[in-house]
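Everything on this sheet refers to the single structure shown next.
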Amino acid sequence: VSVPVVLFSLSFHEFAHAWAADKLGDSTARWHGRLTLNPFRHLDLVGTLSMIAFGIGWAKPVPVDVRNFRNPKKGMALTGLAGPVSNLILSFAGILCYRILNAVTALNVILRHGNVYTYQNAQIGIFDVIAIFFIVFSQMNAYLAVFNLIPVPPFDGSRIFYFLLPDKWYFSVMRYERVIMIVMLVLLATGILTPVISAVSDGVLSAFDFVIRLVPFL
């Protein structure tokens with residue numbers, strides 16, 4: 001189940017970066033063939049395998065030329081934000097599809113608290129497999145969104161964070177960009193940040209599920 005989810009989710013994330021940059025005036029990604037949902041244009045082999053095996057991975061960065069933006073700082077922030085937002089949209093859509101499926105057919109897979117699912121009995125039918133796909137789809141996209149919103153380089157959140165900083169602070173932080181990056185990668189590699197990221201993504205899933213269940217028939 002994870003393989004098609006990863007292939008599509010990472011590709012959609014990178015496509016969103018390319019689409020945002022293109023709309024903001026930078027066609028670099030378009031000229032590099034990245035304005036597409038074709039996974040082979042976006043995926044990095046090692047990053048994809050790492051995502052499937054360890055839950056942490058990466059795709060090929062979308063090329064962006066900030067000189068093409070009217071406001072380079074704002075342009076980079078919006079381009080960076082597009083990726084996580086696309087994953088949040090997919091996560092919401094996944095839970096919505098599960099709730100619709102659950103409303104129209106009898107499932108043995110029951111979603112609880114937005115992110116934990118249990119089985120009513122040992123037998124699983126085709127609709128249960130589809131339900132599991134939607135749940136995993138939602139979980140992985142929520143995790144990808146939260147993971148990429150970490151406000152330090154090389155993550156998308158750093159572009160948003162730098163946009164919010166005053167210019168005098170921005171250039172001060174940029175001096176230590178490489179050091180901050182190394183520290184963050186060490187924290188991720190040792191698993192120290194994993195519980196925090198998981199807790200936040202679980203909260204996002206629960207919030208989405210709560211909103212969807214406000215609809216009477218769901």
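Note that the coordinates shown come from a computational prediction; the quantities given were computed from them, not determined experimentally.
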Short side-chain to backbone donor-acceptor contact, [X] and [Y], under 3.5 Å:
| X | Y | result |
| --- | --- | --- |
| Gln120 | Leu107 | yes |
| Ser198 | Thr194 | yes |
| Ser201 | Ile197 | yes |

(message) For residues 180-190, which residue pairs pass the side chain to side chain donor-acceptor pair (under 3.5 Å) check, not counting sequence neighbours?
(response) none
Got a sec, which residues hit salt bridge (charged side-chain N to carboxylate O under 4.0 Å, His left out) with [X], two or more places apart in sequence or on another chain?
| X | result |
| --- | --- |
| Asp202 | none |
| Asp22 | Arg30 |
| Arg67 | Asp65 |

(request) If a pair satisfies salt bridge (charged side-chain N to carboxylate O under 4.0 Å, His left out) and one of its residues is in residues 31-50, list it, with sequence neighbours excluded. (result) none
(request) Mind jotting down which residue pairs meet the salt bridge (charged side-chain N to carboxylate O under 4.0 Å, His left out) criterion with at least one end in residues 99-119? Sequence neighbours excluded, please. (result) Arg99-Asp209
(request) Find out whether Ser138 and Leu205 are in side-chain contact, i.e. whether some heavy atom of one side chain is under 4.5 Å from a heavy atom of the other. (result) yes
(message) Is there a side-chain contact between Pro151 and Ile160 in this structure, where contact means two heavy atoms from C-beta onward sitting under 4.5 Å apart?
(response) no
List for me each residue that meets ring pair (Phe, Tyr, Trp, His ring centres under 6.0 Å) alongside [X], sequence neighbours excluded, and say none if there are none.
| X | answer |
| --- | --- |
| His17 | His13 |
| Phe134 | none |
| Phe8 | Phe12 |
| Phe155 | Phe147 |

Counting only pairs under 3.5 Å, give me each side-chain donor-acceptor contact of residues 76-83, with atom names and distances, residues two or more places apart or in other chains.
| from | atom 1 | to | atom 2 | distance (Å) |
| --- | --- | --- | --- | --- |
| Thr79 | OG1 | Gly75 | O | 2.8 |

(request) Examine the side chains of Asn38 and Thr36 and answer whether a donor and an acceptor come within less than 3.5 Å of each other. (result) no
(request) Keeping to residues at least two apart or across chains, list the ring pair (Phe, Tyr, Trp, His ring centres under 6.0 Å) pairs with something in residues 95-115. (result) none
